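Below is one structure, written out as structure tokens, with a few remarks after it.
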Amino acid sequence: MTSTAADLANWIRPHLRRAGSYAAVPSLAAISAATGIPVEQIAKLDANENPYGPSPQVLAALARYRDYHRYPDPTHDDLRRELGAYLGVEWQRIVLGAGADELIDLLCRLFLEPGDEVIDLVPTFGMYRFSTEVAGGRVVEVVRQADFHLDLTAVAAALTPRTRLIWVAAPNNPTGTPLTPAEAEGLAALGIPLVIDEAYAEFSGQSAVPLALRFEHVMVLRTFSKWAGLAGLRVGYGVFPPVVAEHLLKIKPPYNVNVAAAVAARAALADRAYREQTVGRILAERERLAHLLARVPFLEPLPSAANFIFCWVRQGSARALRDALRQRGVLVRYYATPLLENAVRISVGRPEDTDRLLAALHALTPEELAA
Ligand SMILES: Cc1ncc(COP(=O)(O)O)c(C=O)c1O
């Protein structure tokens with residue numbers, strides 16, 4: 001019997017055949033190959049990475065470690081204890097993932113039956129939609145207000161008996177909007193499992209961890225990708241109610257966080273001076289960048305509580321702006337979605353990255369912007 005690729009596609013679960021993919025940013029090597037610009041001359045401001053990289057103590061710990069031939073501790077108790085001390089929570093509430101992304105996926109698997117609904121406070125981070133759909137769930141979008149703060153009345157009105165989860169990024173990606181304590185309380189008061197994604201908490205200086213300790217249905221996600229400069233190693237974690245932590249540990253792949261990630265995360269956590277210094281540099285550069293962007297005639301930057309700045313593009317097209325900057329070796333994030341059609345997100349880099357970006361912005365011609 002013969003079969004064709006089209007036949008085989010029919011065996012794939014229908015909801016996954018229909019699902020969209022997550023638009024991840026291309027690698028530096030791919031951009032370099034496409035533009036002919038050497039990697040070291042590219043200002044990579046498109047993925048909210050930490051431009052300073054990990055602490056030297058992280059690199060030393062990775063070089064010192066010898067047991068790469070052994071499987072990791074499946075529950076990573078040492079790192080969880082240290083994270084418990086870092087956040088002031090019982091360490092048993094903490095579960096690690098291969099990035100916060102993996103925890104988003106695991107939470108969808110834990111809470112969603114096919115057809116169950118999640119509330120997505122758009123525009124926001126795309127992984128909530130992605131993982132919900134992979135799990136067979138249905139995304140119910142609630143559009144934020146014009147200033148990107150939440151419309152709590154609309155959230156309440158969107159709840160149905162099938163609502164299983166509410167996702168909220170605090171601060172929000174890509175808009176940089178903080179979650180106010182009143183908004184967090186308002187969401188928690190709805191009584192639906194609420195995941196507050198604090199990937200950028202070290203930059204905002206605000207946290208909903210105390211709220212998670214008060215309410216059994218409130219969870220908080222964190223990551224080492226941003227403040228610790230470990231995006232490439234994939235290590236995130238969350239603070240969960242004990243019953244959720246227990247079930248996440250049960251369903252996660254046993255060795256989801258690899259030993260290099262755990263070694264690096266422990267060393268990063270121990271190097272408090274580097275954390276304070278790096279976060280301080282990024283915050284100082286955010287202020288400088290915000291000030292400079294506000295003087296670019298065709299941009300309208302919004303205030304940000306994270307390590308990136310969202311900008312409305314007031315003349316020309318945001319896509320053309322992204323493309324023209326890329327040709328000059330500056331990468332920024334553009335979203336081909338209706339709510340963000342005329343906007344870009346610019347990560348805070350080093351002062352020299354800001355200089356390169358500003359030089360490119362000021363060199364752009366009206367023709368390039370209109371393209
Ligand atoms: C709001 C938010 N959550 C989670 C993540 C992903 O974090 P991780 O690298 O730990 O998977 C990001 C990354 O951009 C993010 O913006």
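In this text, all values refer to a predicted model and were calculated from it rather than measured experimentally. Note that ligands are numbered from 1 as they come in the structure, with each ligand's atoms numbered from 1 the same way.
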Can you list the ligand 1 atoms lying under 4.0 Å from a non-hydrogen atom of [X]?
{"X": "S225", "result": "8 (P), 9 (O), 10 (O)"}
{"X": "K226", "result": "13 (C), 14 (O)"}
{"X": "Y200", "result": "1 (C), 13 (C), 14 (O), 15 (C), 16 (O)"}
{"X": "G99", "result": "8 (P), 10 (O), 11 (O)"}

Do any nitrogen or oxygen atoms of [X] lie less than 3.5 angstrom from nitrogen or oxygen atoms of ligand 1?
{"X": "R234", "value": "yes"}
{"X": "N173", "value": "yes"}
{"X": "A98", "value": "no"}

So, 4.0 Å and heavy atoms of F224: is ligand 1 close enough to count as a contact? no
Look at the side chain of H217 and the backbone N and O of A188, then say whether any donor-acceptor pair between them is shorter than 3.5 Å.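 Checked: pair present.
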[X] side chain to [Y] side chain, donor-acceptor N/O pair below 3.5 angstrom:
{"X": "R345", "Y": "N173", "value": "yes"}
{"X": "Y334", "Y": "E341", "value": "yes"}
{"X": "E198", "Y": "S207", "value": "yes"}

For ligand 1, note which part of A100 has a heavy atom under 4.0 Å away: side chain, backbone, both or neither. both
Considering only NZ, NE, NH1 and NH2 on the basic side and carboxylate oxygens on the acidic side, decide whether R129 and E141 come within less than 4.0 Å.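 Salt bridge: yes.
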For [atom], the protein heavy atom that lies nearest, with its residue and separation:
{"atom": "atom 6 (C) of ligand 1", "answer": "D101 OD1, 3.3 Å"}
{"atom": "atom 12 (C) of ligand 1", "answer": "F125 CZ, 3.3 Å"}
{"atom": "atom 3 (N) of ligand 1", "answer": "D197 OD2, 2.5 Å"}
{"atom": "atom 10 (O) of ligand 1", "answer": "T223 OG1, 2.5 Å"}

Mind telling me whether Y128 and F125 have parallel, tilted or perpendicular rings, with 30° and 60° as the class edges?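 Taking Y128 first and then F125, their aromatic rings stand perpendicular (interplane angle over 60°).
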Could you check whether the rings of W312 and F310 sit parallel, tilted or perpendicular, using 30° and 60° as the cut-offs? perpendicular
Considering non-hydrogen atoms only, spot the tightest contact between H15 and V134 and give its length.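 Scanning both residues, the minimum pair turns out to be NE2-O, 2.9 Å.
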Is the Lys NZ or Arg CZ of R281 less than 6.0 Å from the centre of Y52's six-membered ring, within 45° of the axis?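 Yes - R281 lies over the ring of Y52, closer than 6.0 Å to its centre and within 45° of its axis.
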